[in-house]
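In what follows, every heavy atom counts, from backbone to side chain, and hydrogens, waters and symmetry copies are set aside. In each ligand, atom 1 is the first atom listed, and ligand 1 is the first ligand listed.
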Amino acid sequence: MPEADKEGKNYYENVPQKGKLFFLKGSTELDWGMKNRLARIFNPKDGHTVMLAIDHGYFQGPTSGLERIDVSIMPLVPEADVVMCTRGILRTIIPPDVTKPIVIRASGGPSILKELSDEQIAMDMEDCIRLGVCATAIQVFIGGQFESRSVVNMTRLVDAGLRYGIPTMAVTAVGRDMERNAKYFRLATRMCAELGVQYVKTYYVDEGFETVTSVCPVPIVIAGGKKRPELDALKMAYNAIDQGAAGVDMGRNIFQSDSPLGMMKAIRAIVHGGEKPEKAYDLYQTVKDEEK
Ligand code: R5P
């Protein structure tokens, strides 16, 4: 028979139970599992994240810089907070002893040769759970040919995610002929948040980005977009954080750089260290020189 517990006296009856509001914008009312996953994506110390986006192959095949993820991308992973990839790359290339949180690409369908807004949900929630992912990602084409279907697909993924505590990140895709301005991104990001996603990935704009973040009730992370000169990419990341973004989900401006590791470290210094772009550029340059 187990020994009877001798009641202690540490009841702290005059001490209110400790508890605090969840650190992430718009997430206070979520359930524990979802908050825990979000707290692995966003650092609770500063609310920021550096996501490394390497999912481009899901619609454009072996993208420049991603031809051999095992060779060129794996050395960058320790510098990222999160890896965003497809389940194919996760299962074939990324070793399961990598403990970085994974955000999984859960939409797909058309290739770069076709109408991109024709995407579908391309992954079951069951497989997301099996892989232990921290969030799903789905492209949403506001203003695109298949706008309505992509929005409804997003809500289906949100519903499935809520069932199992897995956050959904909407990615606002912009058609080639559409104007990328704050008005468009206010519309696109706000729609995604209103329809239930836990965070949104969108593009930075030079004019009025702070209005995009201020009226979106969930965190926003920025995509890097097309490759630009390193200092320009660092300035963009700095400005985005300064204007209310909670982080970056960056791909080409890292893995297409002449020093991907240098860019990873420089972006990290900005997002988590508040480093100015010029200082972060020096860091990139130093790493690049050391690699020679
Ligand atoms: C593109 O559709 C993918 O979702 C990428 O993850 C996203 O565009 C971010 O990558 P990049 O910084 O290269 O734009």
Side-chain angles (χ1 to χ4, degrees), residues 41 49-67 69 72-73 76-77 79-90 101-123 133-142 144 146 150 153-154 157 168-176 178 180 185 188-189 192 197 199-205 220-230 232-237 239-241 245-257 260 263-264 266-268 270-271:
I41 295 170
T49 187
V50 175
M51 295 175 59
L52 176 60
I54 55 164
D55 62 320
H56 306 58
Y58 90 96
F59 71 102
Q60 57 181 27
T63 308
S64 310
L66 294 180
E67 298 89 340
I69 288 172
S72 54
I73 299 298
L76 310 179
V77 167
E79 297 295 328
D81 295 319
V82 176
V83 178
M84 182 205 181
C85 63
T86 59
R87 63 174 159 178
I89 290 300
L90 189 62
I102 301 295
V103 172
I104 207 85
R105 162 62 57 185
S107 63
S111 74
I112 192 84
L113 307 175
K114 294 278 187 180
E115 169 54 41
L116 287 175
S117 70
D118 192 18
E119 273 195 19
Q120 307 282 351
I121 293 177
M123 191 169 175
V133 306
C134 274
T136 60
I138 182 165
Q139 219 81 352
V140 180
F141 298 84
I142 307 297
F146 295 97
S150 76
N153 283 341
M154 175 190 78
L157 203 60
T168 306
M169 176 179 81
V171 183
T172 64
V174 194
R176 280 189 201 93
M178 284 157 62
R180 293 175 179 229
F185 289 117
T189 57
C192 295
V197 300
Y199 72 110
V200 186
K201 165 166 151 174
T202 197
Y203 290 93
Y204 178 75
V205 283
I220 285 181
V221 296
I222 60 151
K226 279 187 196 151
K227 173 77 178 73
R228 48 177 91 195
E230 276 72 10
D232 289 358
L234 296 172
K235 282 181 180 166
M236 177 176 68
N239 290 337
I241 298 292
V248 303
D249 184 15
M250 203 173 257
R252 287 163 287 177
N253 277 288
I254 290 173
F255 59 70
Q256 291 178 353
S257 167
M263 275 304 275
M264 274 304 303
I267 289 284
R268 193 169 185 85
I270 288 171
V271 173

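- Between the side chain of Asp232 and the backbone N or O of Arg228 there is no donor-acceptor pair closer than 3.5 Å.
- For Arg252, there are no salt bridge (charged side-chain N to carboxylate O under 4.0 Å, His left out) partners two or more places apart in sequence or in a different chain.
- Proximity of a side-chain donor or acceptor of Ser117 to a complementary backbone N or O of Phe146 within less than 3.5 Å is detected.
- Take Lys227 and apply the salt bridge (charged side-chain N to carboxylate O under 4.0 Å, His left out) test, not counting sequence neighbours, and it matches Glu230.
- Looking at residues two or more places apart in sequence or on another chain, you find no ring pair (Phe, Tyr, Trp, His ring centres under 6.0 Å) involving Phe141.
- Contact residues of ligand 1 (protein heavy atom closer than 4.0 angstrom to a ligand atom; sorted by chain and number): Ala53, Asp55, His56, Phe59, Met84, Arg105, Gln139, Lys201, Tyr203, Ala223, Gly224, Gly225, Asp249, Met250, Gly251, Arg252.
- Shown here for Met250 and Gly224, the closest heavy-atom pair between the two residues is CG-CA, 3.9 Å.
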